[in-house]
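All ligand and atom numbering here is 1-based and tracks the order in the structure.
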Amino acid sequence: MVLDKLGASLKDALKKLAGKTVVDRAAVEELVRDLQRALLAADVNVRLVKGLSEAIRTRSVEEQPPKGMSVREHVLRIVYQELIRLMGATTEVSLQPQRILLAGLQGSGKTTTTAKLARFFQRKGMKVAVICADTFRPGAYDQLSTLCRQIGVTCYGEPGQEDAVAIVTRGLAKLPESEVVIIDTQGRHALEKVLIDEIIRINDVSRADRRWLVMDAALGQQASEQARRFHEAIGIDGVIITKMDGTAKGGGALSAVSETQSGIVFIGAGETIEDLERFDPDSFISRLLGMGDLKSLAERAEEAISEEEVDVNSLMRGKFTLRDMYKQLEAINRMGPLKQIMSMLPLGSLEVPSDAIDVTSTKMSRYRVIMDSMTPLELDDPNLISGSRIHRIARGAGASPEEVRELLKYYRMMQRALKGMRGGKFNVQRMMKRFSGMQ
Ligand SMILES: Nc1nc2c(ncn2[C@@H]2O[C@H](COP(=O)(O)OP(=O)(O)OP(=O)(O)O)[C@@H](O)[C@H]2O)c(=O)[nH]1
Ligand SMILES: [Mg+2]
């Protein structure tokens, strides 16, 4: 896996959060600092790291956890979503006939990637050809044609010819049969004007369908500037990051993609023609964090939200019965035992403090059992419940009268909290958090 080190430190940061008994502002702040450290060490753009930190802070405080999701899971989910956002858009690779123009600085891996891409489309059953439009590097045509020979792909070039634009025009005219044509261009060691001017002209004459920027993963912080300049020149609609196998600093190139308003299309992680991988932000982050399952946790939360059961309107009118509270407890239960959810997170060998999990979920299920032995009338109007009813309910539930009183106390606390909240944002989850604070 590329970026192992970044993955490890991100995982550590999340483990630390998972191990906390309470997830409050201070815990979020600590998490943000840990994430910053990890991302900056991998050379992720400073401005982007700041943006991500802000987003995590604000969203953790302002957004309400989806029904049935704990604050801890809510924060983890936000982190996950923001990391994905950092990776830019999800890209599509069309399998229609198309012309692809590759741009990039010297040595970024354009020529190698041209052959890798030819292989990719060839494997999809498409007829592929490439054009060597690099008139700058000596032996550029030989390098590309040698690679193409290995995979039986046509390579058009005119060694000795100096006009790259003319080569592209003639090449395209000679390759009418090809469904995919990939154009390899020259690279310079810096963003010289000649380089930019030429790529603009090649882009025009080739009428390229895709303009992909090839960037070396080791670029670090300079990656953003480079991406921006190429984007201004020809409008980059996808980035290919090469040499991800050889650096711990790939975060710079990975995050530079946000400068182009596009996404990472492929990742090169090796020198052979087969070493090209499609890039999907979601699965990349999941793999990086070692939490393939976090995605399914997020999906479960979406489901829980869509099964909206509590009549928010009646709650807003001030009517909050034990029945509503029961539904809340059920929603939480539907998410599965907290323990199971925690086990989906990348905690590895970490022991989650059991009082953070067990007491809360045990108490929740106790409360549900107690409510099961109440009459419908009592559930709708908890004020009816006093003296002898308390004893009856307790007996029916195999509980002590004390427990029933505790439940009623909790109910009143929630009711009060709701009244105080009317007109403001409705957040049963936050109340559920107080629930765990009551232990
Ligand atoms: N390890 C590794 N090496 C790579 C990868 N991609 C390219 N390389 C190597 O990087 C070096 C430069 O690659 P080229 O494809 O020649 O780069 P270029 O952008 O065409 O360079 P110029 O034509 O000079 O601008 C070569 O030695 C490649 O083998 C990769 O994903 N991993
Ligand atoms: Mg080259």
Side-chain angles (χ1 to χ4, degrees), residues 1-4 100-120 128-151 153 155-162 164 167-168 171 181-199 202-203 206 210-220 222-223 226-227 229-230 233-234 236 238-254 256-257 264-279 284:
M1 174 69 192
V2 295
L3 291 181
D4 286 339
I100 301 167
L101 176 62
L102 294 189
L105 290 195
Q106 193 166 48
S108 56
K110 294 176 298 300
T111 305
T112 316
T113 304
T114 302
K116 287 179 178 180
L117 283 173
R119 180 71 177 141
F120 173 86
V128 192
V130 308
I131 298 176
C132 171
D134 180 356
T135 53
F136 181 73
R137 167 192 263 282
Y141 175 78
D142 288 343
Q143 185 195 355
L144 185 59
S145 59
T146 307
L147 289 168
C148 287
R149 213 169 302 127
Q150 290 176 30
I151 49 173
V153 160
C155 175
Y156 182 86
E158 300 176 16
Q161 165 66 256
E162 285 185 3
I167 297 177
V168 172
V181 178
I182 306 160
I183 305 169
D184 179 22
T185 58
Q186 68 156 314
R188 296 283 170 103
H189 61 273
L191 283 157
E192 293 165 33
K193 193 169 179 304
V194 275
L195 176 70
I196 296 292
D197 287 349
E198 187 188 273
I199 198 83
I202 294 181
N203 182 42
S206 67
R210 294 281 173 266
R211 287 153 292 269
W212 287 342
L213 175 64
V214 179
M215 276 204 293
D216 187 326
L219 260 184
Q222 305 153 30
Q226 211 185 96
R229 292 283 300 279
F230 274 109
I234 54 171
I236 295 300
V239 175
I240 299 176
I241 312 223
T242 63
K243 310 185 201 178
M244 282 296 284
D245 50 320
T247 177
K249 297 271 185 183
L254 281 177
V257 70
I264 299 160
V265 202
F266 289 96
I267 278 193
E271 287 189 75
T272 82
I273 287 186
E274 308 292 340
D275 294 324
L276 187 74
E277 275 177 45
R278 271 286 280 138
F279 182 87
F284 182 78

Between Gly107, Gly187, Gly104, which one has a non-hydrogen atom sitting closest to atom 22 (P) of ligand 1? Gly107
Looking only at N/O atoms, are Thr112 and ligand 1 under 3.5 Å apart anywhere? yes
Give yes if a backbone or side-chain nitrogen or oxygen of Thr185 is under 3.5 Å from a nitrogen or oxygen of ligand 1, and no if not. no
Among protein heavy atoms, which sits nearest to atom 17 (O) of ligand 1, and what does the distance come to when rounded to 0.1 Å? Gly109 N, 3.0 Å
If you measure every N/O of Asp275 against every N/O of ligand 1, is any gap under 3.5 Å? no
Residue pair Asp275 / Lys116: nearest heavy atoms and the distance that separates them: O-NZ, 3.0 Å
Euclidean distance, Ile264 CD1 relative to Glu277 CD, rounded to 0.5 Å: 12.0 Å
For Leu254 and Val257, work out which heavy atoms get closest and say how close. O-CG1, 3.0 Å
Could you pull out the closest heavy-atom pair between Ile273 and Gln150, with the gap in Å? CD1-OE1, 3.4 Å
Of all protein heavy atoms, the one nearest atom 25 (O) of ligand 1 is Lys110 NZ, 2.7 Å
Phe120 vs Phe266 aromatic rings, parallel, tilted or perpendicular, using cut-offs 30° and 60°? perpendicular
Among Arg137, Glu198, Lys110, exactly one meets side-chain hydrogen bond (donor to acceptor under 3.5 Å, both in side chains) together with Gln186. Which residue is that? Glu198
Inter-residue atom distance Asp184.CG - Cys155.SG, 0.5 Å rounding: 8.5 Å
For Ser206 and Val168, work out which heavy atoms get closest and say how close. CB-CG1, 3.8 Å
Counting from 1 in the order shown, the ligand 1 atoms closer than 4.0 Å to a non-hydrogen atom of Gly268 are 31 (O)
Contact with ligand 1 for Asp134, non-hydrogen, under 4.0 angstrom: yes
Could you tell me if the side chain of Ile267 sits less than 4.5 Å from the side chain of Phe284, heavy atoms only? yes
List the atom of Thr112, the atom of Glu271, and the distance in Å for their closest heavy-atom pair. CG2-O, 4.2 Å
Atom 30 (C) of ligand 1: closest protein heavy atom, distance to 0.1 Å, is Gly270 O, 3.1 Å
Closest non-hydrogen atoms of Leu213 and Ala227, given as atom of the first, atom of the second and distance, are CD2-CA, 3.6 Å
Gln106 heavy atoms, cut-off 4.0 Å: which ligand 1 atoms fall inside? 24 (O), 25 (O)
Looking only at protein heavy atoms, identify the closest one to atom 16 (O) of ligand 1 and say how far it is in Å. Gln143 NE2, 2.9 Å
The closest protein heavy-atom partner of atom 27 (O) of ligand 1 is Glu271 OE1, 4.1 Å
Under 4.0 angstrom from ligand 1, any heavy atom of Met244? no
Quick check: does Thr111 have an N/O/S atom under 2.8 Å of the Mg ion (ligand 2)? yes
Using a strict cut-off of 4.0 Å, indicate which atoms of ligand 1 neighbour a heavy atom of Thr111. 15 (O), 18 (P), 20 (O), 23 (O)
Any Ala269 heavy atom less than 4.0 Å to ligand 1: yes
Ignoring hydrogens, just give me the one of Arg137, Lys243, His189 whose non-hydrogen atom is nearest atom 10 (O) of ligand 1. Lys243
Ala140 and ligand 1 - part of the residue with a heavy-atom distance under 4.0 Å: neither
closest protein heavy atom to atom 1 (N) of ligand 1 is Asp245 OD2, 2.7 Å
Any side-chain heavy-atom pair from Leu144 and Asp134 closer than 4.5 angstrom? no
For Lys116 and ligand 1, answer yes if some heavy atom of the residue is under 4.0 Å from a ligand atom, otherwise no. yes
